[in-house]
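Below is one structure, written out as structure tokens; the observations come after it.
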Amino acid sequence: MPRDKQKASSRMDMTMLTRTDKYTVKSVTSQEQGEADAEFAIDGDPGTFWHSEYNKTVTKHPHVLVVDLGKEREFSGITYLPRQDGGSNGRVKDYSVDVSTDGEKWQPAAKGSFPDSADLQEVKFQAPVKARYFRFSALSEAQGRDYAAVAELDIIPVKK
């Protein structure tokens, strides 16, 4: 394992890697095709990441990723893991999260700002939700650039 991946995994909550359910990307507004595809944000591997397009054109905020959880689930928030390769390019500052049962009608669930850190971040909702989809919107970047990058997005399931 490369050294940078070893450092990354020691900083994060390893429970993210135990996900057995397969999530899919329903849509994305921008991705660096073939290098930092949107699927990398939900693949369970902190060593890969989704990045908004930057080679041909630099797309502007917001950068939006819609995740299909495969079925309706009850969850109390999401986790966001910034890229773990030592780079800070694309680290999300301001964000919003919306939820949906059908992928068409959306309800706001959370909005806020992340610290400029490579650490795993938790976004707790005011109350648990039951939804099949969540929409993560990167509204700004920590360094003020028009990028967004996500190593992992996941839900925080409601404990039964």
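Just so it is clear, the structure is predicted and the values come from calculations on it, not from any experiment.
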Can you list the residues that meet the salt bridge (charged side-chain N to carboxylate O under 4.0 Å, His left out) rule with [X], with sequence neighbours excluded?
{"X": "E74", "answer": "K160"}
{"X": "E141", "answer": "R145"}
{"X": "D37", "answer": "none"}

Can V97 be reached from W50 by stepping across I, L, V, M, F, W or Y side chains whose heavy atoms are under 4.5 Å apart?
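Cluster IDs for W50 and V97 match.
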Check whether I156 and Y23 end up in the same hydrophobic cluster, where Ile, Leu, Val, Met, Phe, Trp and Tyr are linked by side-chain heavy atoms less than 4.5 Å apart.
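No; Y23 is not reachable from I156 via cluster members.
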side-chain contact (heavy atoms from CB on, under 4.5 Å) between R83 and N89: does it pass, once the steps are laid out?
CA-CA 8 Å; R83 62 190 287 181; N89 189 0; 3.3 Å; yes
V129: what forms a side chain to side chain contact (heavy atoms under 4.5 Å, CB included) with it, not counting sequence neighbours?
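In terms of side chain to side chain contact (heavy atoms under 4.5 Å, CB included), with neighbours along the sequence ignored, V129 is linked to F75, V99, F125.
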For residues [X] and [Y], report the shortest heavy-atom separation together with the two atoms involved.
{"X": "H63", "Y": "A148", "value": "CD2-CB, 3.6 Å"}
{"X": "L139", "Y": "P62", "value": "CD2-CB, 3.9 Å"}
{"X": "Y95", "Y": "V92", "value": "CB-CG1, 4.1 Å"}
{"X": "G103", "Y": "S100", "value": "N-OG, 2.7 Å"}
{"X": "P82", "Y": "A151", "value": "O-CB, 3.3 Å"}
{"X": "K93", "Y": "A142", "value": "CB-N, 3.7 Å"}

All side-chain hydrogen bond (donor to acceptor under 3.5 Å, both in side chains) counterparts of [X], not counting sequence neighbours:
{"X": "S52", "value": "none"}
{"X": "Q107", "value": "none"}
{"X": "Q143", "value": "D116"}

By ring pair (Phe, Tyr, Trp, His ring centres under 6.0 Å) - contacts of F136 (at least two apart):
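For F136 the ring pair (Phe, Tyr, Trp, His ring centres under 6.0 Å) partners, ignoring immediate neighbours, are Y80.
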Please enumerate all residues that pass ring pair (Phe, Tyr, Trp, His ring centres under 6.0 Å) together with Y147, with sequence neighbours excluded.
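Scan of Y147 (ring pair (Phe, Tyr, Trp, His ring centres under 6.0 Å), adjacent residues dropped) gives H51.
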What distance do [X] atom [atom1] and [Y] atom [atom2] have between them, rounded to the nearest 0.5 Å?
{"X": "L81", "Y": "E122", "atom1": "CG", "atom2": "CD", "value": "12.0 Å"}
{"X": "E152", "Y": "I78", "atom1": "CD", "atom2": "CD1", "value": "12.0 Å"}
{"X": "L120", "Y": "Q84", "atom1": "CG", "atom2": "CD", "value": "8.5 Å"}
{"X": "Q121", "Y": "T79", "atom1": "CD", "atom2": "OG1", "value": "10.0 Å"}
{"X": "F49", "Y": "D85", "atom1": "CZ", "atom2": "CG", "value": "4.5 Å"}
{"X": "L153", "Y": "I42", "atom1": "CG", "atom2": "CD1", "value": "8.5 Å"}

Quick one: does T59's side chain get under 4.5 Å of T29's, heavy atoms only?
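They are not in side-chain contact.
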Taking C-beta and beyond as the side chain, do H61 and D94 meet within less than 4.5 Å on heavy atoms?
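No, every pair of side-chain atoms sits at 4.5 Å or beyond.
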Scan residues 51-70 for pairs that pass salt bridge (charged side-chain N to carboxylate O under 4.0 Å, His left out), counting only residues two or more places apart or in two chains.
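Listed by first then second residue: K60-D146, D68-R132.
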Do any pairs count as a salt bridge (charged side-chain N to carboxylate O under 4.0 Å, His left out) and have a residue in residues 105-114, sequence neighbours left out, and if so which ones?
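Residue pairs passing salt bridge (charged side-chain N to carboxylate O under 4.0 Å, His left out), neighbours aside: D102-K105.
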Take R73 and F134 through the test side-chain contact (heavy atoms from CB on, under 4.5 Å) and record every step on the way to the result.
CA-CA 11 Å; R73 300 173 190 276; F134 74 87; over 6 Å; no
N/O donor-acceptor pair under 3.5 Å between Q31 side chain and A36 backbone
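Flag not set: sc Q31 to bb A36 has no pair under 3.5 Å.
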Has E72 got a side-chain atom pairing as donor or acceptor with K130's backbone, closer than 3.5 angstrom?
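Such a contact is absent between E72 side chain and K130 backbone.
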Residues sharing W106's hydrophobic cluster, by side-chain heavy-atom contacts under 4.5 Å among ILVMFWY, directly or via others?
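In the cluster with W106 are V64, V66, Y133.
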